[in-house]
Q: 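My structure is below; once you've seen it, I'll send some questions.
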Amino acid sequence: QKGFLKRKAHADIDGKRTPWGKRSWKTFYAMLKGMVLYLQKDDYVKDCQSSEEVVSVHHALAERALNYTKRPHVFRLQTADWRVFLFEAASTEQMYSWIGRINLV
Ligand code: I3P
């Protein structure tokens, strides 16, 4: 699973609220490989090692972010270490595809 996603950090480790100044939406080229979500600046970066950010989705939960109404097709990702991210997909179909793939891991 690969594609562009916009991400907003909502909570950091242990569920602490992500501070002001670090909560804005950022675009990434995302690749899910195994239990790891690699977030890259752009799709020309082919190798995962140069990823800007690496998020483990082992024991993570993805679900549609129904409470977040400012943008369409947004899903929420809660990690095992209680970080929370919101991800905006390009379509509802892509949103459900990401949710399904993340929860399969
Ligand atoms: C955040 C940025 C986000 C906004 C967030 C702000 O500011 O404007 O777009 O979320 O609001 O804190 P910063 O860039 O300084 O981190 P929304 O797009 O969801 O409004 P929030 O603190 O209410 O989450």
Side-chain angles (χ1 to χ4, degrees):
Q1 177 96 13
K2 301 170 182 190
F4 284 97
L5 288 176
K6 290 179 180 142
R7 188 202 65 184
K8 176 184 174 180
H10 181 78
D12 299 338
I13 289 177
D14 294 332
K16 279 184 67 181
R17 187 184 191 279
T18 301
W20 307 107
K22 293 186 175 176
R23 301 177 61 85
S24 57
W25 287 93
K26 264 174 114 176
T27 301
F28 291 98
Y29 186 72
M31 298 174 74
L32 184 65
K33 287 199 174 179
M35 292 189 271
V36 179
L37 181 66
Y38 297 91
L39 299 173
Q40 305 176 158
K41 272 191 186 149
D42 213 337
D43 59 349
Y44 59 73
V45 188
K46 293 290 181 214
D47 88 273
C48 297
Q49 314 219 312
S50 56
S51 293
E52 280 231 312
E53 287 187 46
V54 175
V55 178
S56 168
V57 298
H58 186 48
H59 290 161
L61 176 71
E63 62 184 6
R64 186 167 198 177
L66 287 171
N67 294 336
Y68 189 82
T69 52
K70 291 182 190 174
R71 290 170 180 240
H73 25 82
V74 173
F75 66 94
R76 180 179 190 280
L77 177 71
Q78 173 132 31
T79 63
D81 55 5
W82 289 81
R83 284 185 285 168
V84 178
F85 299 109
L86 298 179
F87 286 101
E88 182 190 356
S91 66
T92 304
E93 196 182 15
Q94 284 188 29
M95 175 195 72
Y96 281 122
S97 175
W98 280 105
I99 290 172
R101 292 298 300 274
I102 289 168
N103 290 335
L104 262 184
V105 167

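Residues take their numbers from the sequence shown, with the count starting at 1.
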Q: In Å and rounded to the nearest 0.5 Å, what is the NZ to CD distance from Lys41 to Glu52?
A: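 Reported value, rounded in 0.5 Å steps: 4.5 Å.
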
Q: I'd like to know if Leu39 and Leu86 are part of one continuous hydrophobic network [Ile/Leu/Val/Met/Phe/Trp/Tyr, side-chain heavy atoms within less than 4.5 Å].
A: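 Leu86 and Leu39: separate clusters.
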
Q: Please report the interatomic distance CZ(Arg76) to CZ(Phe85), rounded to the nearest 0.5 Å.
A: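 Reported value, rounded in 0.5 Å steps: 11.5 Å.
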
Q: Can you tell me how far apart CG (Asp81) and NE2 (His59) are? Round to the nearest 0.5 Å.
A: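 One finds 12.5 Å between CG of Asp81 and NE2 of His59.
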
Q: Compare every heavy atom of Trp82 with every heavy atom of Gln78, then report the nearest pair and how far apart it is.
A: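 In this case the closest contact between Gln78 and Trp82 is NE2-CE3, 2.7 Å.
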
Q: Any salt bridge linking Arg7 with Glu88? Criterion: basic side-chain nitrogen under 4.0 Å from a carboxylate oxygen.
A: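 Not counted as a salt bridge, because no side-chain N and carboxylate O are separated by less than 4.0 Å.
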
Q: Output the distance between atom CG (Leu77) and atom CG (Leu5), rounded to the nearest 0.5 Å.
A: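 It comes to 10.5 Å.
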
Q: Please list, one pair per line, the donor and acceptor atoms closer than 3.5 Å that link side chains of residues 61-70 to other protein atoms, with sequence neighbours excluded.
A:
unit_1	atom_1	unit_2	atom_2	d
Arg64	NH1	Tyr96	OH	3.2
Tyr68	OH	Trp25	NE1	3.3

Q: Could you check whether any side-chain heavy atom of Gln40 comes within less than 4.5 Å of a side-chain heavy atom of Phe28, counting everything from C-beta outward?
A: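 Sidechains of Phe28 and Gln40: no contact.
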
Q: How far does CG of Leu104 sit from CG of Leu32, to the nearest 0.5 angstrom?
A: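 Reported to 0.5 Å precision, the distance equals 9.5 Å.
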
Q: With a 4.5 Å heavy-atom cut-off, do Thr79 and Val55 have their side chains touching?
A: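 When only atoms from C-beta onward are counted, Val55 and Thr79 do touch, with a gap below 4.5 Å.
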
Q: Is there a path of hydrophobic side-chain contacts, each under 4.5 Å between heavy atoms of I, L, V, M, F, W or Y residues, that connects Met95 with Phe87?
A: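 Linked within one cluster.
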
Q: For a side chain to side chain contact (heavy atoms under 4.5 Å, CB included) check, start with the C-alpha distance between Lys33 and Tyr38, then their side-chain angles and the critical distance, and finish with the verdict.
A: CA-CA 8 Å; Lys33 287 199 174 179; Tyr38 297 91; 3.9 Å; yes

Q: Between His73 and Ser91, what is the shortest heavy-atom contact and its length?
A: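 Nearest heavy atoms, His73 then Ser91: CG-C, 3.5 Å.
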
Q: Between atom CD1 of Ile102 and atom NE2 of His58, what is the distance when rounded to the nearest 0.5 Å?
A: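 Here the rounded value is 14.5 Å.
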
Q: Quick one: side chains of residues 8-16, donor-acceptor pairs under 3.5 Å with protein atoms, not counting sequence neighbours, listed by atom name and distance.
A:
unit_1	atom_1	unit_2	atom_2	d
Asp12	OD1	Thr18	OG1	2.8

Q: For the residue pair Phe75 and Trp98, does the interplanar ring angle fall in the parallel (under 30°), tilted (30 to 60°) or perpendicular (over 60°) class?
A: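 The rings of Phe75 and Trp98 lie parallel, inter-plane angle below 30°.
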
Q: Check whether any side-chain heavy atom of Val57 lies under 4.5 Å from a side-chain heavy atom of Val36, and answer yes or no.
A: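 When only atoms from C-beta onward are counted, Val36 and Val57 do not touch, as no gap falls below 4.5 Å.
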
